Amino acid sequence: MRKVLFLCLLVGNFIHAQEQNSLKKNTISVDFGSLRNRYIYPKTDISFTYSLIKSSAFRLSVRLRSYGTLYFFSKSAYDVTPLVEYYFSKTEKPIYFSTGIGLDARIRLVNDSRSTATSSAEPLVSIAIHGNYKKVSYSVPLWTRWYTNGISYTILPQINWELNEKNELFIRYEMNFLRISKNVSKEWNQDVFVGLKRSLN
Amino acid sequence: MNTFLRVLYTISTLFFFACGKVPTTEPNQPFIPFIGDFENGTISGFHYLVVDTTKNTQIVTYPARKGKYALKNTLKPEDYIYNGYRTELVIYNCAKYKSDVFYGFSFWVDTNYQDTSYNLICQWQDLPYYIQGEVWEPSPKLQGSPPPIALIYVNETLELKMNDSPSTNTKTFLVGKPLTTEKGKWYDLVAHIYWNEDNTAYQEVWINGKPITPFNGVDHKYYHRNLFNRAGNYFKFGQYRGKEKSEHTNSIYFDEVKIGSTYNEVAP
């Protein structure tokens, strides 16, 4: 995790600013992930991002994640993650920051007596580094979620490649660290996603 | 100000009660000891993967390993249920992450048993990691894989087999040597298993009091990971042929199915 952060900072410091400002873009993205820990498991995300007020740097994003499918509609589990972020820059630069608060709602629909999964919603705080160079942009958010018995951290570095004015291809790696406070039990897990982002403006 | 505080308090309270637990498994959660000796004349206490309990799982008085009754488990060629040819009884929540558990049962292969290909007498099957959103049948469907541990009856021998990969069916391997058996005779199995997703996990298995797992220089614990994730496994016994249809109707008798914390607690 530290290596990824360091690499992103290093790259960000040496690249140049870009004139085009995608911070004001409203976007929709779809991505798929299936590399999960020791075995393959499908997941699908659909995300929306809106500029809340055109003149300010507040942005709202909502991520809908479904589990167990590459076709989004799932009978088993969804996550809904609304997030409001403030960007400390109104234009794109080689490196800039954002912070935000949100909610991570886990919806578990499995009806199986072997399952211990329950639905819940946890507060989420995000801090992120962003940057761009020519057709490539990146972001490295760190999400912190609080639970009744512990905490989790997720780092979600994403690299976008601009295909044309409207569309970007991206790859995102997610690494989760989950920690139960009482008995100091912890778990690491990871996923990789590839997807397409489209500007709605 | 009071109104503001009240709103803040309400929102905070709502937030607190909406919060759930960290979606990971606590280690070494307690399990409930289990005794399934069929002495009440039923298969109550078990879950079952059986086409017809009146035909596939009958309570009989002969042969009984202890007490008056035993279970006659019959698998006919047409008994296909839940994606496999099977007739199995099931116990949940008995193979939890980082728990140390003893399992025991006795079995008797009917003298009329005819098939020579594989038949899983018992298995500890893995589970989807439900709390992290997983389910049994994702779409697209993934390659099914054999259970992490199984006791297999094949051509009158017993094989303890493990599986190393949740994604393929080509990573199974034999633990110890196959044990030649005879039909029409009781065999007592005791398994001592520490469940973990790394190689601190171990399995130690005895048949009729003799270890069948290899000697490691200290004891007969065979160290190898036996969980694919932290959801734990669950225990099934009976007959399971996967997608391979049996040629004949075969019966195996079971008795003294127990789960506990010590060898003596589960040995018949």
Side-chain angles (χ1 to χ4, degrees), chain A residues 34-44 65-79 103-123 145-152 176-189 191, chain B residues 11-12 14-29 47 90-98 125-145 148 163-168 171 197-198 225 227-236:
Chain A
S34 62
L35 179 65
R36 180 162 223 211
N37 296 344
R38 296 189 183 96
Y39 50 90
I40 290 167
Y41 196 80
K43 289 185 192 179
T44 314
R65 167 167 290 177
S66 65
Y67 289 85
T69 178
L70 293 181
Y71 315 116
F72 189 70
F73 293 103
S74 165
K75 290 178 183 171
S76 60
Y78 291 93
D79 290 349
L103 198 67
D104 190 24
R106 290 178 286 154
I107 301 162
R108 300 290 178 261
L109 308 169
V110 174
N111 183 21
D112 188 320
S113 51
R114 290 164 293 192
S115 169
T116 53
T118 52
S119 297
S120 65
E122 286 80 37
R145 302 176 185 90
W146 283 270
Y147 304 84
T148 52
N149 66 337
I151 199 164
S152 79
N176 284 293
F177 174 68
L178 308 149
R179 185 178 182 275
I180 298 174
S181 310
K182 191 180 75 181
N183 49 20
V184 201
S185 176
K186 56 196 176 193
E187 180 180 359
W188 293 92
N189 60 41
D191 288 292
Chain B
I11 290 171
S12 310
L14 279 173
F15 240 130
F16 180 78
F17 282 108
C19 278
K21 292 187 172 179
V22 181
T24 182
T25 308
E26 288 193 41
N28 197 20
Q29 291 179 60
H47 299 270
V90 182
I91 304 165
Y92 296 150
N93 299 316
C94 63
K96 296 181 177 182
Y97 168 60
K98 284 193 175 179
Q125 175 75 58
D126 59 299
L127 286 165
Y129 206 171
Y130 290 113
I131 56 174
Q132 293 191 3
E134 294 181 12
V135 281
W136 274 117
E137 299 243 329
S139 176
K141 201 174 171 184
L142 300 176
Q143 166 73 52
S145 68
N163 174 29
D164 216 13
S165 170
S167 307
T168 68
K171 299 275 184 181
E197 57 180 352
D198 61 28
R225 80 176 175 107
L227 293 181
F228 296 147
N229 59 41
R230 295 187 184 184
N233 293 348
Y234 66 106
F235 177 65
K236 300 194 277 189

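Please read these numbers as outputs of a predicted model, since none were measured by experiment. Residue numbers start from 1 in every chain, and the chains themselves are labelled A, B, ... in the order their sequence lines are given, proteins ahead of strands. Values below: every heavy atom of this structure, side chains too, minus hydrogens, waters and symmetry copies.
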Can you tell me which portion of [X] sits under 4.5 Å from chain B's heavy atoms? Options are side chain, backbone, both or neither.
X: A:I151; answer: backbone
X: A:D112; answer: side chain
X: A:K182; answer: side chain
X: A:S115; answer: both
X: A:S152; answer: neither
X: A:R179; answer: backbone

Mind listing the closest non-hydrogen atom pair of [X] and [Y] along with its distance?
X: B:V22; Y: A:N149; answer: N-OD1, 2.9 Å
X: A:I40; Y: B:S167; answer: N-OG, 4.1 Å
X: B:Y130; Y: A:T116; answer: CB-N, 4.5 Å

Rounded distance [0.5 Å steps], [atom1] in [X] versus [atom2] in [Y]:
X: B:Q132; Y: A:D79; atom1: CD; atom2: CG; answer: 10.5 Å
X: B:T24; Y: A:K186; atom1: OG1; atom2: NZ; answer: 12.0 Å
X: B:Y129; Y: A:E187; atom1: OH; atom2: CD; answer: 3.5 Å
X: A:T118; Y: B:I131; atom1: OG1; atom2: CD1; answer: 8.5 Å

- Item | Backbone of B:V135 reached by a side-chain donor or acceptor of A:Y41 within 3.5 Å | yes
- Message: Please check: side-chain N/O of A:E122 versus main-chain N/O of B:G20, any donor-acceptor pairing under 3.5 Å?
- Response: yes
- Note on the structure: Assert top hit (heavy-atom pairs under 4.5 Å, partner chain B, pool A:S113, A:A105, A:S181, A:S66) equals A:S113
- Message: So which residue, A:S74, A:S76, A:S119, ends up with the most heavy-atom pairs under 4.5 Å with chain B?
- Response: A:S76
- Message: Do A:R114 and B:Q125 have side chains that approach each other closer than 4.5 Å (heavy atoms only, starting at C-beta)?
- Response: no
- Turns out that what part of B:S165 lies under 4.5 Å from chain A's heavy atoms comes down to neither
- Query: Quick one: what part of B:P23 sits under 4.5 Å from any heavy atom of chain A, side chain, backbone, both or neither?
  - Reply: both
